[in-house]
Number of protein chains: 2
Amino acid sequence: MLDLHRLRLLRELSHRGTLAAVAEALSYSPSAISQQLAQLEHETGVPLLEKAGRRVRLTEQAEILVRHTETVLGQLERAEADLAASLREVTGLLRVAAFQTAALTLVPNAVTALARSHPGLRLRIRQIDPEQAIPTLTARDYDVVLGEEYPGQPQPRVPGVSLHRLGRDPLRLAVPDSFDAADLADLASAPWAMEPSGTSPRRWAQTVCRTAGFEPDIRFESTDMVFHASLVATGHAASLLPDLVWAATPIPGRLLTLPGSPARTLFMAVREGAHDHPAITAFHTALRTSLTTLKTTLPLPTTEADPAS
Amino acid sequence: MLDLHRLRLLRELSHRGTLAAVAEALSYSPSAISQQLAQLEHETGVPLLEKAGRRVRLTEQAEILVRHTETVLGQLERAEADLAASLREVTGLLRVAAFQTAALTLVPNAVTALARSHPGLRLRIRQIDPEQAIPTLTARDYDVVLGEEYPGQPQPRVPGVSLHRLGRDPLRLAVPDSFDAADLADLASAPWAMEPSGTSPRRWAQTVCRTAGFEPDIRFESTDMVFHASLVATGHAASLLPDLVWAATPIPGRLLTLPGSPARTLFMAVREGAHDHPAITAFHTALRTSLTTLKTTLPLPTTEADPAS
DNA sequence: CCAATTCATCAGTTCAGCTTAAGGGTACCG
DNA sequence: CGGTACCCTTAAGCTGAACTGATGAATTGG
């Protein structure tokens, strides 16, 4: 009988490429992974790994096993979901990774609602960059990862992970009251606050400025959008920020709607097979109602129709 | 993550009914089973077993897990089969349980053929009563069980096990030369050799005699059909025997064809998911050719058309 | 009512699988 | 080309999960 634990290691290897990465992801020493895979090879009697430079490559047979392992793991995930669904009360522990604005705004409301509706469900929230959190779904560090997708910056497709849309979060231009600007083009030489390079909000914001015909003068870089807001409030920079920020901090100046009414899409990533899990569907609906509640509460310019709400 | 090993124990329990039986089947102590299932209950946080007198009953949740476990185990079986199928040569070890006539006649030819065509395949044959061997398929004591089905004695359907027909083996009346009998009715007061009561050949043979209008005078009981044949040869008893016996021992007297040309059906039982395994398909074809070869070789009365060959 | 079954529990033991440490091969870079 | 960094493997030793065996409690059948 094939050992599922070893098969999982093989599957991780096929995703991550090196034994060291698998070990890192699953908190083992590389040696343990090497031994276990050697054992799997021995049990099956089939070569599964072959050296490729200083790395290893999966053989054709190993790929076959990986494919089956995916379906087996999905089946087990569904078993857990079915089991949880058969109970009246939703219980257990849900480990959530949330990006900053979600953690500050969406999540607290959702947690409150769930504490009332599903007292048996425990939540563990951690604020973390979603780009690095999504791969850890399959490593089972988290059950849910909240993510965002900026226009023109599509989320990479990760096998074994399914995405579930939460809604749109409109993106607007936040300008200090002291700035004399009516639209984007007026800010060609203004100081800007943006996210660090390499992030998708940064790529999007830069694209917006370049489309408007200028290269932004970026004076402040931070992943902290509340920091951006305070820079706007104190008159130091303009910034392109999503509406949800204003649920966490007061609107610091003027908000200008951008051409085309762009928005980031908020989504929830879970392991395939787990999306039926009652804890996850409960969390999903709690987030969606949290989002729509926040949207109607916020005193925002109603210059756009939002098809998501 | 649900532990597959523990799930397997739960599955066995749902089939066998008591912890003791599971322990017996899988060569553990009952204590080990109890501990493992308690652990599974603890991990899932869901009650899985409830006391029912001095036994235990599976809860609704446990049944859910069992259903999923069945599909997961089937998937793993298919993984192994796919893996083996991807290799050029058929290798590995095939553990076969065979009933007596099969072990004496069908199997040796098949083994010879396989040794030539698939030198990498090792076989371990054990002669054993198929009725007790089939349940052990799921316990993985055997990979293949050869079985027989007498007319009107249908094989019980075992979940997780699939049956594959090998062919018909005609049943005839073997009468000592010294007996003055032309058909069944002439043997109403003759001494008979039959299989022990409780077996399906016995039930069938008794039905045949009763249909012919008499209760047989059973003087010899044995599962050994070669013994039956020798009783016929030595003039001590008549017996209802399948043709395959004559591949193991000379025809001892006269063979009379029965009305309706009855035959037992020979089949091969394997775990579901394993029927695609190349070692098993190879064994299957070897057995079928072995059977047809034997049939054409035997000097038998050709009074019947055999639709199986 | 006693004997036999069956499951639960506890203490003791064994072995699979982990970590650490050392070694060898490969790529990349000055 | 040597140096360095990275990656995989192997050996040795240790730890904890899981097994055995003994004991006890509950239930059923003769």
Side-chain angles (χ1 to χ4, degrees), chain A residues 1-59 61-63 65-66 69 76 135 139-141, chain B residues 1-59 61-63 65-66 69 76 135 139-141:
Chain A
M1 185 61 152
L2 293 166
D3 181 68
L4 186 57
H5 182 239
R6 299 198 231 272
L7 287 175
R8 258 193 76 197
L9 299 183
L10 189 65
R11 187 195 90 118
E12 287 305 319
L13 179 60
S14 105
H15 287 341
R16 299 178 193 275
T18 73
L19 294 203
V22 176
E24 167 72 20
L26 303 180
S27 315
Y28 288 119
S29 65
S31 166
I33 310 296
S34 175
Q35 289 175 51
Q36 288 301 304
L37 291 178
Q39 187 64 30
L40 183 63
E41 250 183 344
H42 181 255
E43 283 170 0
T44 56
V46 174
L48 298 174
L49 305 183
E50 51 193 17
K51 299 202 176 192
R54 59 184 175 185
R55 340 182 75 196
V56 290
R57 188 186 16 250
L58 302 205
T59 64
Q61 280 72 34
E63 296 288 359
L65 287 183
V66 168
T69 306
L76 280 180
R140 312 195 148 262
D141 289 338
Chain B
M1 186 60 152
L2 292 166
D3 181 70
L4 187 56
H5 181 240
R6 299 198 230 272
L7 287 176
R8 256 193 77 197
L9 299 183
L10 189 65
R11 188 196 89 117
E12 287 303 320
L13 179 60
S14 109
H15 288 340
R16 298 179 193 274
T18 73
L19 296 202
V22 176
E24 167 73 20
L26 303 180
S27 318
Y28 288 120
S29 65
S31 167
I33 310 297
S34 174
Q35 288 176 48
Q36 288 301 303
L37 290 178
Q39 188 65 30
L40 182 64
E41 248 182 346
H42 181 255
E43 284 169 1
T44 56
V46 174
L48 298 175
L49 305 184
E50 53 194 15
K51 298 203 175 191
R54 60 186 174 186
R55 337 184 74 194
V56 289
R57 186 184 21 247
L58 301 205
T59 64
Q61 279 73 35
E63 295 289 357
L65 287 183
V66 168
T69 306
L76 280 180
R140 313 194 148 263
D141 289 338

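These values consider heavy atoms only, across backbone and side chains, with no hydrogens, waters or symmetry-generated copies. A note on names: the letters A, B, ... follow the listed sequences, proteins ahead of strands, and every chain is numbered from 1.
- Across the protein-nucleic acid pair, B/Arg57 atom CZ and D/dA26 atom C1' stand 16 Å apart, rounded to whole Å.
- The residue B/Gln36 sits close only to the backbone: its heavy atoms come under 4.0 Å of sugar-phosphate atoms, none of a base.
- Atom pair B/Asp3:CG and D/dA18:C1' shows a separation of 11 Å (rounding to whole Å applied).
- Between B/Leu10 atom CG and C/dC7 atom P the separation is 14 Å, expressed in whole Å.
- In this structure, A/Arg54 and A/Ser29 both approach DNA chain C, and ranking their closest nucleotides by distance from the 5' end singles out A/Ser29.
- Distances shown here put a side-chain N or O of B/Ser34 below 4.0 Å from the OP1 or OP2 atom of C/dA8.
- You'll find that the side chain of B/Leu19 is closest to C/dC7, out of C/dC7, D/dC8, D/dT10.
- As judged by a 4.0 angstrom heavy-atom cut-off over every strand, A/Thr18 is placed among residues touching the sugar-phosphate backbone only.
- If you measure from atom CD of A/Glu50 to atom C1' of D/dC8, you get 15 Å, rounded to the nearest angstrom.
- Across B/Ala62 and B/Leu10, no two heavy atoms sit closer than the pair O-CD2, 3.8 Å.
- Donor-acceptor pairing under 3.5 Å, judged by distance alone, is present between the side chain of B/Ser31 and the base of D/dG21.
- Between the CG atom in A/Leu4 and the NE2 atom in B/His5 there is a gap of 12.5 Å [rounded to 0.5 Å].
- Distances shorter than 4.0 Å separate none of the side-chain N or O atoms of B/Arg55 from OP1 or OP2 on D/dA26.
- Atom CD1 in B/Ile33 sits about 15 Å away from atom C1' in D/dG21, given to the nearest Å.
- A salt bridge does not link A/Arg16 with A/Glu24: every distance from a Lys NZ or Arg NE/NH1/NH2 to an Asp or Glu carboxylate oxygen is 4.0 Å or more.
- Distance A/Arg16 CZ to D/dC6 C1': 18 Å, rounded to the nearest Å.
- If you check D/dT9, C/dT19, D/dC8 against the side chain of A/Ala32, the one that comes closest is C/dT19.
- Position along DNA chain C of the nearest nucleotide to A/Tyr28 versus A/Lys51 favours A/Tyr28 as the more 5'-ward residue.
- One side chain, B/Gln35 or B/Ser31, offers a donor N or O that lies under 3.5 Å from an acceptor on the other.
- B/Leu48 approaches B/Glu41 most closely through the heavy-atom pair N-OE2, 2.7 Å.
- For the pair B/Leu40 CG and D/dA18 P, the interatomic distance rounds to 11 Å; values are reported in whole Å.
- We find that CD of A/Glu24 is positioned 13 Å from P of D/dC8, with the value rounded to whole Å.
- Mapping A/Gln35 and A/Val56 onto DNA chain D via the closest heavy atom, the residue that lands nearer the 5' end is A/Val56.
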